[in-house]
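Heads up, the thing below is written out as structure tokens.
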Amino acid sequence: MTDVLITAGELAELVKKDPCVIIDTRNPDAYAAGHLPGAVNVHDIFTFLATSTPEGIHELKTKFADAFGAAGLSGKETAVIYEQSMNSGFGQSCRGYYLLTMLGYPRIKVLHGGFDAWKAADLAVTTDVAVPAKAAFAIVPEAGDIMIDAKAMLAAVGKPGVAILDVRDVDEWIGESSSPYGKDFCPRKGRIPGAVWLEWYRMMKPTAEGPRFKSKDEILAECATVGISQTTPVYLYCFKGARASNTFLALKNAGVKDVRMYFGSWNEWSRDPSLPIDEGLPTAAVVTGKAA
């Protein structure tokens, strides 16, 4: 597949020859302080919390089809999404990539290294606010298959062959914290039963220019540590779909064929007491078994 990631230099060339709509996912203050020329600010990409009820999914699709249409995306342009850097926004630019993919948008790029990479390349920055021409944004219903709901995730629990992949930070995985917004933001701490864990940071590595995604082979090597290959169906989750979007992009770029996301993630799962969770240290049962 074509690489979703685009470097700052490649983007500077692309905008000269092809129609592009550049979307800044950062908060409005960061956008106002300086952004890529022509970029439109859509911070809701990061902040919107979704539920996986039919009404919730309909609201998510409608909201973002409207927002992307208002930003000028008609299907003819390449959508280019960026955040500050690849690790400061919990994968928020990748969340934009996931949302556009889920809506069926045909041409999407993510600026590798984000705004920091653009500035480091000494490329033009502006404070001018873009006023895009509103476009008609078409939703492709079948593209929505990459989004699963709580019911589908529950059906995957204990199902042989499907990898439930938790990519949250370690304090969330071990049940010490319920979210990045505070330890007790959600009513329950823990993880979806049977999940394997790859912290989202492991999809990236530090470079002199800041964090960048690992190579395809490096990402496949990370996946192999939890039994995931290119043919394993993977059901991802995090807290609200941002960090999991970062991993979604990494896995798709590395050629993992069937990757879906439970977008409601822990924010939704933990609030429904009827849904099962594993609590405490993931190693507790193993240690107890050995002690016995």
Side-chain angles (χ1 to χ4, degrees), residues 1-2 4 21 23 25 42 44-81 91-110 135-157 159 161-167 192 230-269 271-272 275:
M1 64 172 275
T2 313
V4 174
V21 169
I23 295 173
T25 63
V42 189
D44 278 350
I45 283 170
F46 181 56
T47 56
F48 188 82
L49 291 175
T51 57
S52 66
T53 60
E55 299 78 19
I57 290 172
H58 175 74
E59 182 192 358
L60 176 76
K61 289 184 171 185
T62 306
K63 178 183 176 60
F64 284 103
D66 289 350
F68 290 133
L73 286 172
S74 70
K76 298 186 184 79
E77 308 79 14
T78 297
V80 181
I81 310 172
Q92 69 189 67
S93 57
C94 304
R95 198 180 199 242
Y97 159 70
Y98 177 81
L99 288 167
L100 281 165
T101 304
M102 183 270 301
L103 292 168
Y105 198 77
R107 301 163 71 186
I108 317 160
K109 296 285 184 187
V110 169
F137 186 100
I139 296 173
V140 180
E142 53 271 27
D145 289 352
I146 61 167
M147 184 177 284
I148 58 171
D149 59 13
K151 197 183 293 182
M153 186 57 110
L154 182 61
V157 171
K159 191 174 178 183
V162 174
I164 298 174
L165 181 56
D166 184 325
V167 302
I192 296 175
Q230 286 176 312
T231 56
T232 310
V234 179
Y235 287 9
L236 288 169
Y237 78 96
C238 60
F239 176 71
K240 65 171 185 183
R243 291 169 292 179
S245 293
N246 180 290
T247 305
F248 178 85
L249 187 156
L251 266 53
K252 292 306 289 180
N253 249 0
V256 181
K257 292 177 183 64
D258 184 4
V259 188
R260 302 173 198 225
M261 197 201 303
Y262 170 41
F263 201 70
S265 281
W266 193 252
N267 181 56
E268 180 180 54
W269 189 274
R271 297 180 194 281
D272 183 345
L275 294 170

With rounding to the nearest 0.5 Å, note down the distance linking [atom1] in [X] to [atom2] in [Y].
X	Y	atom1	atom2	result
Arg260	Met147	CZ	CE	12.5 Å
Lys240	Glu268	NZ	CD	15.0 Å
Asp66	Ile139	CG	CD1	8.0 Å
Asp272	Leu154	CG	CG	9.5 Å
Ile45	Lys63	CD1	NZ	10.5 Å
Cys94	Ile108	SG	CD1	11.5 Å

Check [X] against [Y] and note the closest heavy-atom contact, atom names and distance.
X	Y	value
Val110	Ser93	CG1-OG, 3.6 Å
Ala150	Leu275	CB-CD1, 4.4 Å
Leu60	Ala50	CD1-CB, 4.0 Å
Ala143	Thr101	CB-O, 3.5 Å
Val21	Gly72	CG2-O, 3.5 Å
Pro106	Gly75	CG-O, 3.5 Å

### Query
Considering residues at least two apart in sequence or located in another chain, which fulfil the side chain to side chain donor-acceptor pair (under 3.5 Å) criterion with Arg243?
Asp169, Glu172
### Summary
Which of Leu236, Val234, Val259 passes side chain to side chain contact (heavy atoms under 4.5 Å, CB included) with Thr247? Answer is Leu236
### Query
Which of these passes side chain to side chain contact (heavy atoms under 4.5 Å, CB included) with Phe263: Leu49, Leu99, Ile148, Ile57?
Leu99
Between [X] and [Y], is there a donor-acceptor pair closer than 3.5 Å when you use the side chain of the first and the backbone of the second?
X	Y	value
Arg95	Gly91	no
Tyr237	Ile192	yes
Ser52	Asp149	no
Lys109	Ile81	no
Gln230	Ala254	yes
Gln92	Thr25	yes

### Query
For Tyr98, which of Tyr105, Phe46, Phe248 qualifies under ring pair (Phe, Tyr, Trp, His ring centres under 6.0 Å)?
Phe248
### Message
Aromatic contact between Phe64 and Phe137, with the criterion being ring centroids under 6.0 Å apart: yes or no?
### Response
no
### Query
Going through the distances and angles, do Asn246 and Val167 end up as a side chain to side chain contact (heavy atoms under 4.5 Å, CB included)?
CA-CA 9 Å; Asn246 180 290; Val167 302; over 6 Å; no
### Query
Got Ile146 and Met261 here, is their nearest side-chain heavy-atom distance under 4.5 Å?
no
### Query
Would a 4.5 Å heavy-atom cut-off, applied to side chains only, mark Phe68 and Ile23 as touching?
yes
